[in-house]
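Here is the structure we will look at, set down as structure tokens.
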Protein chains: 2
Amino acid sequence: MKIPKPTIKRLALYYRCLNRYREEGVNFVSSKDIAERLNLKPSQVRKDLSYFGEFGKRGLGYNVVKLVDELARIIGVNKVWNVAIIGAGNLGTALANYPGLLKHKFKVVALFDNDREKVGKKIAGIPVFHVGDLIRLTQELNIEICVIAVPELAAQRVAEIAEEAGVKGIVNFSPVKLRTSIPVEDVDITLSFETLAYNILKANPEMLKLIEEQ
Amino acid sequence: MKIPKPTIKRLALYYRCLNRYREEGVNFVSSKDIAERLNLKPSQVRKDLSYFGEFGKRGLGYNVVKLVDELARIIGVNKVWNVAIIGAGNLGTALANYPGLLKHKFKVVALFDNDREKVGKKIAGIPVFHVGDLIRLTQELNIEICVIAVPELAAQRVAEIAEEAGVKGIVNFSPVKLRTSIPVEDVDITLSFETLAYNILKANPEMLKLIEEQ
DNA sequence: TAGATTGTTAATCGATTAACAATC
DNA sequence: TAGATTGTTAATCGATTAACAATC
């Protein structure tokens, strides 16, 4: 069956939302409850879940613990993923320090850089290796996901090395459209600022005049 | 006229793509050229642009310099935006150090934190203030955009202060759905990792078995 | 003029939502 | 049983794309 791409993103939102219900000690939730918290329609919640099975009980709703488990299995976060960050600059360092990743089962096991100064040091307790060792260490450390946090110009090259090394997927922070045959998820921070700028101008048409004068 | 949301994201992509053409010294490009670079359909490029005007010449294509200017104006990046980062932790620090922001006309003019240890110091040359001064400094420094880089629990509260201070829009790095009346752009890094995990499992069904054994 | 490419229409495709029978 | 809520169908809505007349 064809699953809409937006459904996948929402699945991860449901997972978080249900986890919170679990923490609150709630046993059953309805699609209406979930929808309210996430600002969606109940029918969308039910439809999204229905792509993967029948998890609810009519008249009752969904068993929170059971649905959390099912969602973890569907998304693939019922296992720990080994992650390597390529590029130990500001962004790479911030990600290595970010506790949210491990909390969500993404374990940063290595950093890579081409700066010999950084190689051999540790960042947030994680060793920094030379990019030249990526292929060897991917096997040794069982690296499954690579984060690309290198400058634009190096991004495609690094992606190719990662793919050759046998990495299963890439989270790409560079503004480049990567050409690979493995799954890539793009995080484009500047794009978000630009979209916001557009939306601000749309919401504040009077600003346009001021800009012309600037 | 109703403009599709995906069109806005693509507008920022066109802007970058056209800038590159300009750097390469290209004078005219066709919708086919742009589409090829961005992996889109030419008719989509033309349709997207047509929401905002008639920028091309039949038989010739688009004048690169002219279209770059038009796109900058439409997106709103023909002016410098003053940005404040709230939360001077790892993420806030990484963003303050990120040169891509200024390059795209987003100027970080202040950091805010509630840790008195950090207040008064500078990060990447940018002063750190106490969150309590946000309202006052928003006026003084003409802060237009706030970046929310604080822990989940503080996010909604900070958003409300920012809105009260008169900020025009928010880039939200917390995993919380903010309730505001000003535009918000969400950047959810963990969500990207989870989406990638799902796509990796879909591309590698044999991994599912291994996980069950884990 | 002939070839190329636009801007726009209409068709298609994909995602969301309302409605409701099934059933707890 | 009566009330609640699911899972699913069909209708609606929104976005993409092919096609083509207009025109450089």
Side-chain angles (χ1 to χ4, degrees), chain A residues 1-14 17-18 21 26-71 74 177 191 195 198-199 202, chain B residues 1-14 17-18 21 26-71 74 177 191 195 198-199 202:
Chain A
M1 200 190 332
K2 175 77 195 55
I3 292 152
K5 263 190 220 130
T7 294
I8 309 307
K9 290 260 171 227
R10 285 193 299 266
L11 237 40
L13 295 177
Y14 300 153
C17 179
L18 267 285
Y21 274 117
V26 177
N27 290 321
F28 273 86
V29 290
S30 69
S31 57
K32 187 156 161 284
D33 298 330
I34 300 171
E36 260 166 25
R37 285 219 180 169
L38 296 173
N39 234 349
L40 302 168
K41 296 276 152 68
S43 54
Q44 175 145 82
V45 175
R46 295 200 300 277
K47 169 121 270 225
D48 283 340
L49 295 175
S50 77
Y51 288 114
F52 301 93
E54 304 193 1
F55 305 125
K57 278 213 185 4
R58 285 157 205 250
L60 262 178
Y62 301 88
N63 177 311
V64 171
V65 170
K66 181 167 163 257
L67 188 53
V68 165
D69 278 0
E70 294 284 1
L71 286 169
I74 295 165
K177 186 91 212 132
L191 201 62
T195 306
Y198 173 86
N199 287 320
K202 207 178 52 179
Chain B
M1 196 189 335
K2 173 79 197 55
I3 292 152
K5 261 190 221 132
T7 294
I8 310 308
K9 290 259 170 226
R10 284 193 299 268
L11 236 42
L13 294 177
Y14 300 154
C17 180
L18 267 287
Y21 274 117
V26 177
N27 292 319
F28 273 85
V29 289
S30 68
S31 55
K32 188 157 160 283
D33 297 330
I34 300 170
E36 261 166 25
R37 285 219 181 168
L38 296 173
N39 235 349
L40 303 167
K41 296 278 152 66
S43 54
Q44 175 145 81
V45 175
R46 296 200 299 277
K47 170 122 268 226
D48 284 340
L49 294 175
S50 76
Y51 288 114
F52 302 93
E54 303 193 2
F55 306 124
K57 279 213 181 7
R58 285 157 205 250
L60 263 177
Y62 301 88
N63 177 312
V64 171
V65 171
K66 182 167 163 259
L67 188 52
V68 165
D69 278 359
E70 294 283 2
L71 286 169
I74 295 165
K177 187 89 213 139
L191 201 63
T195 306
Y198 172 86
N199 286 320
K202 206 178 54 177

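Chain letters run A, B, ... following the sequence lines, proteins first, then strands; residues in each count from 1.
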Hey, does [Y] have a side-chain heavy atom less than 4.5 Å from the side chain of [X]?
| X | Y | result |
| --- | --- | --- |
| A/Val26 | A/Asp33 | no |
| B/Tyr14 | B/Leu11 | yes |
| B/Ile34 | B/Leu40 | no |
| A/Asn63 | A/Phe28 | yes |
| B/Tyr62 | B/Leu18 | no |

Requested in this report: Using a 4.0 Å heavy-atom cut-off across all strands, classify B/Phe55 as base, sugar-phosphate, or nothing.
Outcome: sugar-phosphate
Report task. For DNA chain C, note the earliest and the latest nucleotide, 5' to 3', having some atom under 4.0 Å of a heavy atom belonging to chain B. Result -> C/dA4 to C/dT9
Requested in this report: Report the end-to-end axis angle of the helix from C/dG3-D/dC24 to C/dC24-D/dG3; each axis comes from five terminal pairs, and the value is rounded to 10°.
Outcome: 10°
Query raised in the report: Has A/Lys9 got more than 12 heavy atoms of other residues, nucleotides or ligands less than 6.0 Å from its NZ?
Result: yes
Report task. Check DNA chain C against residues 35-43 of chain A and give the residues with a non-hydrogen atom under 4.0 Å, in numerical order. Result -> A/Lys41, A/Ser43
Working to the nearest 0.5 angstrom, can you tell me the gap between [X] [atom1] and [Y] [atom2]?
| X | Y | atom1 | atom2 | answer |
| --- | --- | --- | --- | --- |
| A/Leu71 | A/Lys66 | CG | NZ | 10.5 Å |
| A/Ser30 | A/Lys57 | OG | NZ | 15.0 Å |
| B/Leu191 | A/Ile8 | CG | CD1 | 11.0 Å |
| A/Cys17 | A/Arg37 | SG | CZ | 5.5 Å |

Report summary line: The answer to which of A/Gly59 and A/Lys47 contacts DNA chain C further toward the 5' end, by nearest nucleotide, is A/Lys47
Report summary line: Whichever of A/Pro4 and A/Arg46 has the more 5' nearest nucleotide on DNA chain C, that residue is A/Pro4
